[in-house]
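Numbered from 1 within each chain, the chains take letters A, B, ... in sequence-line order.
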2 protein chains.
Amino acid sequence: MRKASSKNLENEMLINASCGMAYTIALIGGRWKLPILGRLAAGTLRYNEIRKSLPMVSERILILQLRELERDGLIYRKVYPEVPPKTEYRLTPLGVSLRPILKLLSNWGATNRPLAAESVMALS
Amino acid sequence: MRKASSKNLENEMLINASCGMAYTIALIGGRWKLPILGRLAAGTLRYNEIRKSLPMVSERILILQLRELERDGLIYRKVYPEVPPKTEYRLTPLGVSLRPILKLLSNWGATNRPLAAESVMALS
DNA sequence: CCGCATACTTACATTTATGTTAGTATTATA
DNA sequence: TATAATACTAACATAAATGTAAGTATGCGG
């Protein structure tokens, strides 16, 4: 749990409050958030579908970052009252509104990152 | 110093290598990097000018993140052989090419962040 | 009765990011 | 001789992010 008050947190809040760029990055910058958003851009997914498409993720972090994305209003989480449990995730309109940004980020990154990396398994 | 090999690092490298969005975010996502880039978007600045415009930053981190931005090719650093020392920083063409992204990030953030934050001192 | 499915939770460990504090080199100025 | 300027560096402390490992609830199927 984050400390209620620390210089670290104060600085982050100051920057996020006054710098629109930093605020946006704060919402999507967690380790697995962009891979998650990239997958949900294609449509609704269940938890296990997301998890299986990201073999290296730890479940604790996957769930944590899904919760944060939900808290920040970027994705919906729908639970079906079934056994075994069934949960679906999909983008909210706010999440969808990130699309132009994600596209530019993706194009810029793909253009500028070192070439040697192209051979690695695609995540986005 | 970062551990030479850890799951944490491996995962980050995997994501950055295959996800253009994540690669871009990795270059600009440090705590003070966007405020720095925002300031340099207006033109060349000296170290002390940057430092004074960010009163809350620690110098260790400011220098660290300037070095990282330089390493990643987003800014130039020019040292004049003088005493006291004079160093100038400015955006490279690669740094300038981020402008459309930063603009979208800024607009999206300004539109969507909580209203109560508007009253805080502007950093960007 | 046991094993399985799914979608998590929990406690702890490790790694990483950022901040704190004091210091440095060199020349100029008083 | 002391103080000041600028642009940093270094050692350590603190905070935060991520990963590891084991576990859970419920109903279904064999």
Side-chain angles (χ1 to χ4, degrees), chain A residues 1-16 22 25-36 44-70 75 77-89, chain B residues 1-16 22 25-36 44-70 75 77-89:
Chain A
M1 180 183 298
R2 234 172 161 171
K3 206 165 160 47
S5 171
S6 64
K7 198 51 160 252
N8 203 319
L9 178 57
E10 286 170 14
N11 281 349
E12 182 180 349
M13 289 174 65
L14 174 69
I15 295 175
N16 288 352
I25 297 295
L27 295 196
I28 63 179
R31 169 73 47 87
W32 300 93
K33 287 181 179 177
L34 287 173
I36 292 167
T44 302
L45 289 171
R46 290 182 62 174
Y47 170 79
N48 233 18
E49 291 172 318
I50 300 174
R51 187 182 64 78
K52 283 175 176 172
S53 75
L54 298 168
M56 304 310 298
V57 75
S58 67
E59 291 202 67
R60 195 189 91 73
I61 295 303
L62 179 55
I63 290 285
L64 173 66
Q65 297 196 343
L66 284 168
R67 293 289 189 169
E68 287 176 357
L69 289 170
E70 183 191 7
I75 67 177
R77 169 170 174 270
K78 182 175 186 180
V79 181
Y80 292 79
E82 301 180 10
V83 169
K86 171 178 172 179
T87 303
E88 282 181 349
Y89 293 92
Chain B
M1 177 185 298
R2 229 173 163 173
K3 205 165 158 58
S5 171
S6 63
K7 197 53 158 251
N8 202 321
L9 179 55
E10 286 170 13
N11 281 348
E12 183 181 349
M13 289 176 64
L14 174 69
I15 295 175
N16 288 352
I25 297 294
L27 295 194
I28 62 178
R31 169 71 49 85
W32 298 94
K33 287 181 178 176
L34 288 174
I36 292 167
T44 302
L45 289 172
R46 292 183 60 174
Y47 170 78
N48 234 18
E49 291 173 320
I50 300 174
R51 188 183 64 78
K52 284 175 173 171
S53 74
L54 297 168
M56 304 309 298
V57 75
S58 68
E59 291 203 68
R60 195 189 89 76
I61 296 301
L62 180 54
I63 290 287
L64 173 67
Q65 298 196 343
L66 284 169
R67 293 290 189 167
E68 286 175 357
L69 289 170
E70 182 191 5
I75 67 177
R77 168 172 174 270
K78 182 175 186 182
V79 182
Y80 294 78
E82 301 180 8
V83 171
K86 171 178 170 178
T87 304
E88 283 181 351
Y89 292 92

message: If you assign A:Glu68 and A:Pro84 each to the DNA chain D nucleotide with the nearest heavy atom, which residue ends up on the more 5' nucleotide?
response: A:Glu68

task: For A:Gly29 and for A:Pro85, find the nucleotide of DNA chain D with the closest heavy atom, then tell me which residue's nucleotide is more 5'.
output: A:Gly29

With heavy atoms under 4.0 Å as the rule, sort [X] into base, sugar-phosphate or nothing.
{"X": "A:Arg60", "value": "base"}
{"X": "B:Tyr80", "value": "nothing"}
{"X": "B:Glu49", "value": "nothing"}

[X] side chain: which of [options] is closest?
{"X": "A:Gln65", "options": "D:dT18, D:dG27, C:dT16", "result": "D:dT18"}
{"X": "B:Lys7", "options": "C:dG19, D:dA7, D:dG19", "result": "D:dG19"}
{"X": "A:Arg46", "options": "C:dT6, C:dT9, D:dA7", "result": "C:dT6"}
{"X": "A:Ser6", "options": "D:dA15, D:dG19, C:dT18", "result": "D:dA15"}
{"X": "B:Ser58", "options": "C:dG19, C:dA7, D:dG19", "result": "C:dG19"}
{"X": "A:Arg31", "options": "D:dA15, C:dT9, D:dG19", "result": "D:dG19"}
{"X": "A:Tyr89", "options": "C:dT27, D:dG19, C:dC8", "result": "C:dC8"}
{"X": "B:Arg67", "options": "D:dA7, D:dT9, C:dT18", "result": "D:dT9"}

Rounded to whole Å, please give me the gap between [atom1] in [X] and [atom2] in [N].
{"X": "B:Ile15", "N": "D:dT18", "atom1": "CD1", "atom2": "C1'", "value": "11 Å"}
{"X": "B:Ile63", "N": "D:dC8", "atom1": "CD1", "atom2": "C1'", "value": "5 Å"}
{"X": "A:Ile61", "N": "C:dT9", "atom1": "CD1", "atom2": "P", "value": "13 Å"}
{"X": "A:Asn11", "N": "D:dA16", "atom1": "CG", "atom2": "P", "value": "11 Å"}
{"X": "A:Glu59", "N": "C:dT9", "atom1": "CD", "atom2": "C1'", "value": "10 Å"}
{"X": "A:Glu10", "N": "D:dA15", "atom1": "CD", "atom2": "P", "value": "11 Å"}
{"X": "A:Leu64", "N": "D:dT20", "atom1": "CG", "atom2": "P", "value": "15 Å"}
{"X": "B:Glu12", "N": "C:dT15", "atom1": "CD", "atom2": "P", "value": "15 Å"}

query: Is a salt bridge present between A:Glu68 and A:Lys33, judged by a nitrogen-to-oxygen distance below 4.0 Å?
result: yes

Within-4.5 Å side-chain heavy-atom neighbours: [X] and [Y]:
{"X": "B:Ile36", "Y": "B:Leu54", "answer": "yes"}
{"X": "B:Ile50", "Y": "B:Leu66", "answer": "yes"}
{"X": "A:Glu59", "Y": "A:Tyr47", "answer": "yes"}
{"X": "A:Pro85", "Y": "A:Val79", "answer": "no"}
{"X": "B:Thr87", "Y": "B:Arg77", "answer": "yes"}

query: Can you tell me if the side-chain N/O atoms of B:Asn8 get under 4.0 Å from OP1 or OP2 in D:dG19?
result: no

